[in-house]
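Below you'll find the structure, written out as structure tokens, and then a few comments.
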Amino acid sequence: MKFFYALTLLVLLANMMTTASAACICPAVFDPVCGTNGRTYSNSCRMQCAGAKLKHKGACARDLSK
């Protein structure tokens with residue numbers, strides 16, 4: 001019986017950990033940053049949620065050659 005409770009607790013904790021990383025909640029603050037993937041994000045939280053790394057603060061430069 002103890003094994004069942006321990007296993008249930010372990011499954012619940014694992015589920016909570018994956019849900020927390022999937023549900024990224026960011027403030028509605030506009031402070032644009034440019035990711036190393038060339039995308040502009042409204043703030044660093046949104047960039048991190050997308051899995052991108054910071055290239056520089058501010059919007060990414062537009063490629064006008066296209």
Side-chain angles (χ1 to χ4, degrees):
M1 192 68 157
K2 287 183 182 180
F3 175 75
F4 176 73
Y5 287 126
L7 182 61
T8 303
L9 182 60
L10 183 62
V11 169
L12 288 173
L13 287 174
N15 187 32
M16 286 172 52
M17 289 172 56
T18 56
T19 303
S21 63
C24 200
I25 300 171
C26 295
V29 175
F30 186 70
D31 187 17
V33 292
C34 180
T36 54
N37 58 1
R39 290 193 60 197
T40 299
Y41 297 91
S42 59
N43 59 47
S44 59
C45 178
R46 294 205 183 261
M47 178 191 64
Q48 290 172 354
C49 287
K53 304 278 186 197
L54 179 67
K55 183 174 183 180
H56 61 80
K57 288 188 171 215
C60 297
R62 295 181 124 192
D63 186 3
L64 301 176
S65 64
K66 291 182 180 180

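Index from 1, following the sequence.
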- Task: To the nearest 0.5 angstrom, please state how far the CZ atom of R46 sits from the CG atom of D31.
- Result: 13.0 Å
- How many angstroms lie between atom NZ of K57 and atom SG of C34, to the nearest 0.5 angstrom? 13.5 Å
- Query: Between the main-chain N or O of V29 and the side-chain N or O of N43, is there a donor-acceptor pair closer than 3.5 Å?
  - Reply: yes
- Message: Taking transitive links into account, so neighbours of neighbours count too, which hydrophobic residues share a cluster with M47 at under 4.5 Å side-chain distance?
- Response: V33, Y41, L54
- Query: Under 2.5 Å between the sulfurs of C24 and C45, yes or no?
  - Reply: no
- Query: What closest approach, in Å, do G35 and C60 show between heavy atoms, and which atom pair accounts for it?
  - Reply: N-SG, 3.9 Å
- Where A59 and P32 come nearest, the two heavy atoms and their spacing: N-CB, 4.2 Å
